[in-house]
Asks: 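Below are the structure tokens for one structure; questions will follow.
Labels below follow one simple rule: chain letters A, B, ... track the order of the sequence lines, proteins then strands, and each chain is numbered from 1.
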Amino acid sequence: MEQESNKKSLDFIRAIIAEDIANNKNEGRVATRFPPEPNGYLHIGHAKSICLNFGVAEEFGGTCNLRFDDTNPTKEDTEYVESIMEDVKWLGYDWGERLYYASDYFQNLYDFAVMLIKGEKAYVDSLNADEIREYRGTLSEPGRESPFRERSAKESLDLFERMKEGEFEEGAHVLRAKIDMSSGNLNMRDPIMYRILKQSHHRTGDTWSIYPMYDFAHGQSDSLEEITHSLCTLEFADPRPLYDWFTEQLGIYAQRQIEFARLNLSYTVLSKRKLMQLVQDGHVSSWDDPRMPTVSGLRRRGYTPVAIRSFCEKIGVTKQDSVIDVALLEHALKEDLNKSALRVMGVLNPLKVVITNYPGDSSEELDAVNNPEDESAGKRKVPFSKELYIERDDFMEEPPKKFYRLSLGREVRLRYAYFITCTDVIKNEDGEVTELHCTYDPQTRGGNSPDGRKVKATIHWVSAKHSIKREVRLYDRLFTVAEPEGDKEGKDFTEFLNPQSLTVLKDCYLEPSLADATPGVNYQFERLGYFTVDTISSKNTKPVFNRTVTLRDAWAKVKGK
RNA sequence: UGGGCCGUCGUCUAAUGGUAGGACCCUGGCCUUUGACGCCAGUUGUAGAGGUUCGAAUCCUCUCGGCCCAGCCA
């Protein structure tokens, strides 16, 4: 088995790392990092990166740092730092002592900048933002050199120090690298290293009035932490030569950056801006709305860390732009939940059933299996009595050909209970079915008939007087189309929002064992799907249940045809 | 059309010059006290054209198509 798993092909990044180790590069050391900017909540795309970076470290006996890329104080906040740490931990990864912040390196970075100025590799530019853009040229035309480009090192140094002292207003000057204004790679056209920002930083407060750009911080941060393999998404391939230029000019440890494709998921959006818009425009309740693809949203929905990690493993790592079918995510979820979730019975759309030949006010308890996939989960008792609720969908007055469930005159099994036969259909003045009268066969207690009689269907139920009434929220995909972004006719992604993404059911009847249900436990409501207690809406009130994902429903497919 | 990256079943992803395989989805069937799960079977693919080679998804050339870059964001 071990040999087999060794033979299993590695993705291109793991192949590179394996080769580096074989060549004793970095003395065989492997060090990665997960470097989020604390300006928002983590989503499933970040989970891919987390699983990759922490996963690689685990597999190759290396380390993985958690580093906050907090170089822009205008967007960052400790609230995000905390949620990010919570999410990474929840996914099951541990950075141990290896918690870093780019802001820890502000002094190092400043010193690096001074070195480059002294070496005439950087200069203070006093053009304004519009002028800099104009001088940068275009994709097909080279840029022009700034009139301040040949400013002396002494003058630049003086200005840079005064920028640091807060002597100038935002935008008055920037520090630029002196590289090549005619490069085909726009990132090399004298990129900005530092800008003046008179903003309080969530960690350094008002210590600094200049802040390094990401491009001048990330590579050096990797270098200072001696990251061997700096894994990032494809859009960072363009500035890679710049990072390499900085480390070379500075003569510091050079990490190797490797880019991979970011995750796209069907029927959702994954850009921070768009997720923000969904929250701000009230299309969802919050960042952790159970319909959101954020880690916190998925967690609240009932996703498990195991499922998310398994998903990340299944999708692989390549450089190809791709859209992963959300069905694969759901598959990974169901695979985990099928093994681990406790089975219970709950009726979402109740229809009353009276067992006419069952003795009036008596009741009894029947044995039910908690998890057929896991014997150690044991059994429980479920109460049975004369009046029950069954699912409205489980009865049809005029059943079509392949409908196996209850109808007038037909016998079905109540799971773990008895065979019942429908004898009467009670309707109101509008002709709606309000109640069913059935008879039960006492010989079939537990669900089997001594005469070997078979029924075609087994349906779930709850005892009316023993059941608990609870609110259940049904979630569906947020968008009606697979790729809501980048519509060919230029429609905004919000035009594809699914108006049915949330259905609230107030009057659901659940078996009494669910009275103690606590958040964080996954249940399978038999024949319906997986559900979990909502963490937010269940505080100081009766628990509310979220439907995590439905079960496969063969009847729904037949019916649909 | 400057630079960078990428094209393998519907969707992901293997095959690193030697039988194009797996997963998801889908379709049948079996099993079933969940129309679940499981099991079995099946459909479908190397963007195109040349070239090199005994042999090409893989190497070369060209064509076509897609993604990213002109923030004092990351």
Asks: Just to verify, what does R240(A) make a side-chain contact (heavy atoms from CB on, under 4.5 Å) with, not counting sequence neighbours?
Replies: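 Here the qualifying residues are A237(A), D244(A), Q257(A), E259(A).
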Asks: Below 6.0 angstrom between ring centroids: does that apply to Y440(A) and F419(A)?
Replies: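 When the ring centroids of Y440(A) and F419(A) are compared, they turn out to be at least 6.0 Å apart.
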Asks: Using atom C1' in both nucleotides, what's the gap between rA57(B) and rC73(B) to the nearest angstrom?
Replies: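 The answer is 40 Å between these two C1' atoms.
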Asks: Near RNA chain B, which residues from residues 309-325 of chain A have a heavy atom under 4.0 Å away?
Replies: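 I315(A), T318(A), K319(A), Q320(A), D321(A), S322(A), V323(A), I324(A), D325(A) - these, ordered by number, are the residues of the stretch whose heavy atoms sit under 4.0 Å from the strand.
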Asks: Please determine, for the side chain of N185(A), which listed nucleotide (rG3(B), rG35(B), rU34(B)) has the closest atom?
Replies: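 That would be rG3(B).
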Asks: Could you write out RNA chain B as a dot-bracket string, with dots for unpaired bases, | for bases paired across to another strand, and Watson-Crick or G-U pairs counted at under 3.5 Å?
Replies: .((((((..((((....[..)))).(((((.......)))))....(((((..]....))))))))))).....
Asks: Quick one: list whatever passes salt bridge (charged side-chain N to carboxylate O under 4.0 Å, His left out) with K402(A), sequence neighbours left out.
Replies: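 K402(A) satisfies salt bridge (charged side-chain N to carboxylate O under 4.0 Å, His left out) with no other residue.
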Asks: Taking side-chain contact (heavy atoms from CB on, under 4.5 Å) as the definition, give me every residue that meets it alongside L139(A), ordered by chain and number, with sequence neighbours left out.
Replies: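 If we apply the side-chain contact (heavy atoms from CB on, under 4.5 Å) test to L139(A), skipping adjacent residues, the hits are L186(A).
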Asks: Does K454(A) place a side-chain N or O at less than 4.0 Å from the phosphate oxygens OP1/OP2 of rU32(B)?
Replies: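 Negative; the distance criterion is not met.
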Asks: If the sugar-phosphate is the primed atoms plus P, OP1 and OP2 and the base is the rest, what is the B/S/- string for nucleotides 69-74 of chain B, using protein heavy atoms under 4.0 Å?
Replies: BBSBSB
Asks: Any luck finding a side-chain donor-acceptor pair between E79(A) and Y41(A) under 3.5 Å?
Replies: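 The criterion, which ignores hydrogens and geometry beyond distance, is satisfied for Y41(A) and E79(A).
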Asks: Scan the side chains in residues 313-331 of chain A for donor-acceptor partners under 3.5 Å anywhere in the protein, sequence neighbours excluded, and list what turns up.
Replies:
{"unit_1": "K314(A)", "atom_1": "NZ", "unit_2": "E335(A)", "atom_2": "OE1", "d": "3.2"}
{"unit_1": "T318(A)", "atom_1": "OG1", "unit_2": "Q320(A)", "atom_2": "N", "d": "3.1"}
{"unit_1": "D325(A)", "atom_1": "OD1", "unit_2": "A327(A)", "atom_2": "N", "d": "2.9"}

Asks: Taking only the P atom of each, what is the distance from rA36(B) to rA47(B) in whole angstrom?
Replies: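 Per the computed distance, 37 Å lies between those P atoms.
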Asks: Which pair of heavy atoms, one from G346(A) and one from L528(A), lies closest together, and at what distance?
Replies: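 Nearest heavy atoms, G346(A) then L528(A): O-CD1, 3.4 Å.
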Asks: Between rU11(B) and rC67(B), how far is it from one P atom to the other, in whole Å?
Replies: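 Roughly 15 Å separates the two P atoms.
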Asks: Any side-chain donor paired with an acceptor under 3.5 Å for D215(A) and Y243(A)?
Replies: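 There is such a pair between these side chains.
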Asks: Any base atoms under 4.0 Å from R413(A), or only sugar-phosphate, or nothing? Heavy atoms, all strands.
Replies: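 It contacts base atoms.
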Asks: State which residues pass salt bridge (charged side-chain N to carboxylate O under 4.0 Å, His left out) with R151(A); sequence neighbours excluded, sorted by chain then number.
Replies: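 Partners of R151(A) under the salt bridge (charged side-chain N to carboxylate O under 4.0 Å, His left out) test: E155(A).
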Asks: Let's test your reading of the model: under 3.5 Å, does the base of rG35(B) pair with the side chain of R405(A) as donor and acceptor?
Replies: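 Flag set: donor-acceptor pair detected.
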Asks: Does a nitrogen or oxygen in the side chain of R240(A) sit under 4.0 Å from OP1 or OP2 of rG4(B)?
Replies: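 It does not, given that no N or O in the side chain of R240(A) lies less than 4.0 Å from OP1 or OP2 of rG4(B).
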Asks: Please measure how far the C1' atom in rG66(B) lies from the corresponding atom in rG48(B), and state the result in whole Å.
Replies: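 Result for the C1' pair: 15 Å, nearest Å.
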Asks: With sequence neighbours left out, write down each residue that passes side-chain contact (heavy atoms from CB on, under 4.5 Å) with E373(A), or none if nothing qualifies.
Replies: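 In terms of side-chain contact (heavy atoms from CB on, under 4.5 Å), with neighbours along the sequence ignored, E373(A) is linked to N338(A), R343(A), N371(A).
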Asks: Measure from the ring center of Y523(A) to the ring center of F531(A) and say whether it is less than 6.0 Å.
Replies: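 Ring-ring flag for Y523(A)/F531(A): false, centres at least 6.0 Å apart.
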Asks: Any residue in residues 327-337 of chain A with a heavy atom nearer than 4.0 angstrom to RNA chain B? Just list them by number, or reply none.
Replies: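 The answer is A327(A), L328(A), H331(A).
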Asks: Listed by chain and number, what are the side-chain contact (heavy atoms from CB on, under 4.5 Å) partners of A261(A), not counting sequence neighbours?
Replies: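 Listed in chain order: L234(A).
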Asks: Please tabulate, for side-chain N and O atoms in residues 170-182 of chain A, each donor-acceptor pair with protein atoms closer than 3.5 Å (sequence neighbours left out).
Replies:
{"unit_1": "E170(A)", "atom_1": "OE2", "unit_2": "K198(A)", "atom_2": "N", "d": "2.7"}
{"unit_1": "H173(A)", "atom_1": "ND1", "unit_2": "S126(A)", "atom_2": "OG", "d": "2.8"}
{"unit_1": "R176(A)", "atom_1": "NE", "unit_2": "D125(A)", "atom_2": "OD2", "d": "3.1"}
{"unit_1": "R176(A)", "atom_1": "NH1", "unit_2": "D190(A)", "atom_2": "O", "d": "2.8"}
{"unit_1": "R176(A)", "atom_1": "NH2", "unit_2": "D125(A)", "atom_2": "OD2", "d": "3.0"}
{"unit_1": "K178(A)", "atom_1": "NZ", "unit_2": "R149(A)", "atom_2": "O", "d": "3.3"}
{"unit_1": "D180(A)", "atom_1": "OD1", "unit_2": "S182(A)", "atom_2": "N", "d": "2.9"}
{"unit_1": "D180(A)", "atom_1": "OD1", "unit_2": "S182(A)", "atom_2": "OG", "d": "2.8"}

